[in-house]
Structures are given as structure tokens and as C-alpha cells.
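These numbers come from a predicted model, not from an experiment. Proteins get letters first, then strands, A, B, ... in listed order; numbering begins at 1 in each. For the numbers below, each heavy atom of this structure counts, side chains included, while hydrogens, waters and symmetry mates do not.
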Amino acid sequence: MRKPDGVRMEIPKENPRSLIIDVVRRIPAGRVATYGQVAALAGIRGHARQVGYAMHGLPAGTDVPWHRVVNARGEISSRSSGCGGEEQRRRLEREGVKFDAAERIDLARYRWRARPVPWE
DNA sequence: TGCTTGACATAAT
DNA sequence: CATTATGCCAAGC
């Protein structure tokens, strides 16, 4: 078989990265979601790393509430670019999310439930 | 073209 | 509950 044109778009619309961002946008204020949860909602369960990678590719001043995405420990993931997570923590506190002495969030209480029914 | 790193998760200890 | 080890996929070099 031979290749079609060879001309390919670098940024397909159905890019998984965009899908991840779309899910993050659905996170309500005052709630936090884990990377794994976002990945699962994006249809890529188990690919939590790609979620974090997508966040890293987000531009400054994006409309995506990336600050509502935390790791499974309920803490802000440290990134390679030194510090900066302080901004994320400040944004979450501003939305009513409380941090404990270990700078962690009580996921049992603030974890976003993307369920059709709230509970029960 | 192939190896290494990475804003993680889950299971085991 | 904390730490360690392994797996996952994609982007960077």
C-alpha cells in the first residue's frame, strides 16, 4: 500500500489533548478532579500522564481551569519548571478548597463527581 | 528512527 | 498512611 498525499495536519481537531481540555473545562468551581479521573472521562482511562502532559501544553491565560486538576494524593503535582504551584493553590483556596497542613486536599470531600446523579 | 523523560495511577510492602 | 516499584502513552532530543 502506498501513502496518500503525505500531507498531514499537525493538529487534528479530534486530538485527545483537546478532549482532555474539554473535560477539564467541565470541572465546577470549588471542586477538584484527579488526572486519572479526567483521563477516564476523556475516554483514556489509565493514561493520566497524558492529561498532565496536555496541561503542560496549555498556554498562559487559557480558559481551562487547569488549577482544578490535582494528583491522586490530592496534592498539587510538582512540575519540572521549579515552583509555580503556589498559584494553583491560591486559586483553589479562592474557590473555597481547603488545604491541610500537608498542603493536601481532602479528595473524599472536594473530589468532583461527574455523575448524572449527585448521590444516592 | 530510537531512547529518555514526564503537571500520573495503581498495587505491593 | 508513606514509600517503592511498575505500567501507560506521547513529546522531546
Check: Quick one: side-chain hydrogen bond (donor to acceptor under 3.5 Å, both in side chains) partners of A/Arg26, sequence neighbours excluded?
Finding: A/Asp22
Next item on the list: Measure the distance from CD1 on A/Ile105 to C1' on C/dC1 and round it to the nearest whole Å.
Entry: 18 Å
Checklist line | Separation of C/dC1 P from A/Arg104 CZ (nearest whole Å) | finding: 8 Å
Next item on the list: Could you state the atom-to-atom distance from NE2 of A/His47 to P of C/dC8 in whole Å?
Entry: 9 Å
Next item on the list: Round to a whole Å and report the spacing from CD of A/Glu87 to P of B/dA7.
Entry: 18 Å
Note to self: How many whole angstroms separate atom NE2 of A/His56 from atom C1' of C/dG12?
What the structure shows: 11 Å
Note to self: Could you tell me how far apart A/Leu19 (CG) and C/dA10 (P) are, to the nearest whole angstrom?
What the structure shows: 13 Å
Next item on the list: Return the nearest nucleotide to the side chain of A/Met55; candidates are B/dA7, C/dA2, C/dA11.
Entry: B/dA7
Next item on the list: Could you pull out all residues at least two apart from A/Val24 that satisfy side chain to side chain contact (heavy atoms under 4.5 Å, CB included)?
Entry: A/Ile20, A/Ile27, A/Val38, A/Met55, A/Val64, A/Pro65, A/Val69
Contacts under 3.5 angstrom, residues 96-108 of chain A side chains, donor-acceptor by atom type, not counting sequence neighbours:
| from | atom 1 | to | atom 2 | distance (Å) |
| --- | --- | --- | --- | --- |
| A/Asp100 | OD1 | A/Ala102 | N | 3.3 |
| A/Asp100 | OD1 | A/Glu103 | N | 3.0 |
| A/Asp100 | OD1 | A/Arg104 | N | 2.4 |
| A/Asp106 | OD1 | A/Ala108 | N | 3.2 |

Check: A/Val32, A/Tyr35: one ILVMFWY side-chain cluster at the under-4.5 Å cut-off?
Finding: no
Check the interface with nucleotides 8-10 of chain B: list each N/O to N/O pair with the protein under 3.5 Å, or write none.
| from | atom 1 | to | atom 2 | distance (Å) |
| --- | --- | --- | --- | --- |
| B/dC8 | OP1 | A/Ser77 | OG | 3.1 |
| B/dC8 | N3 | A/Arg49 | NE | 3.0 |
| B/dC8 | N4 | A/Arg49 | NE | 3.1 |
| B/dC8 | N4 | A/Arg49 | NH2 | 2.2 |
| B/dA9 | OP1 | A/Ala72 | N | 2.8 |
| B/dA9 | OP2 | A/Ala72 | N | 2.8 |

Note to self: Tell me which pairs pass salt bridge (charged side-chain N to carboxylate O under 4.0 Å, His left out) where either residue lies in residues 54-73 of chain A, with sequence neighbours left out.
What the structure shows: A/Arg68-A/Glu95
Margin query: A/Arg45: which residues meet the salt bridge (Lys or Arg N to Asp or Glu O under 4.0 Å) condition with it, sequence neighbours left out?
Written below: none
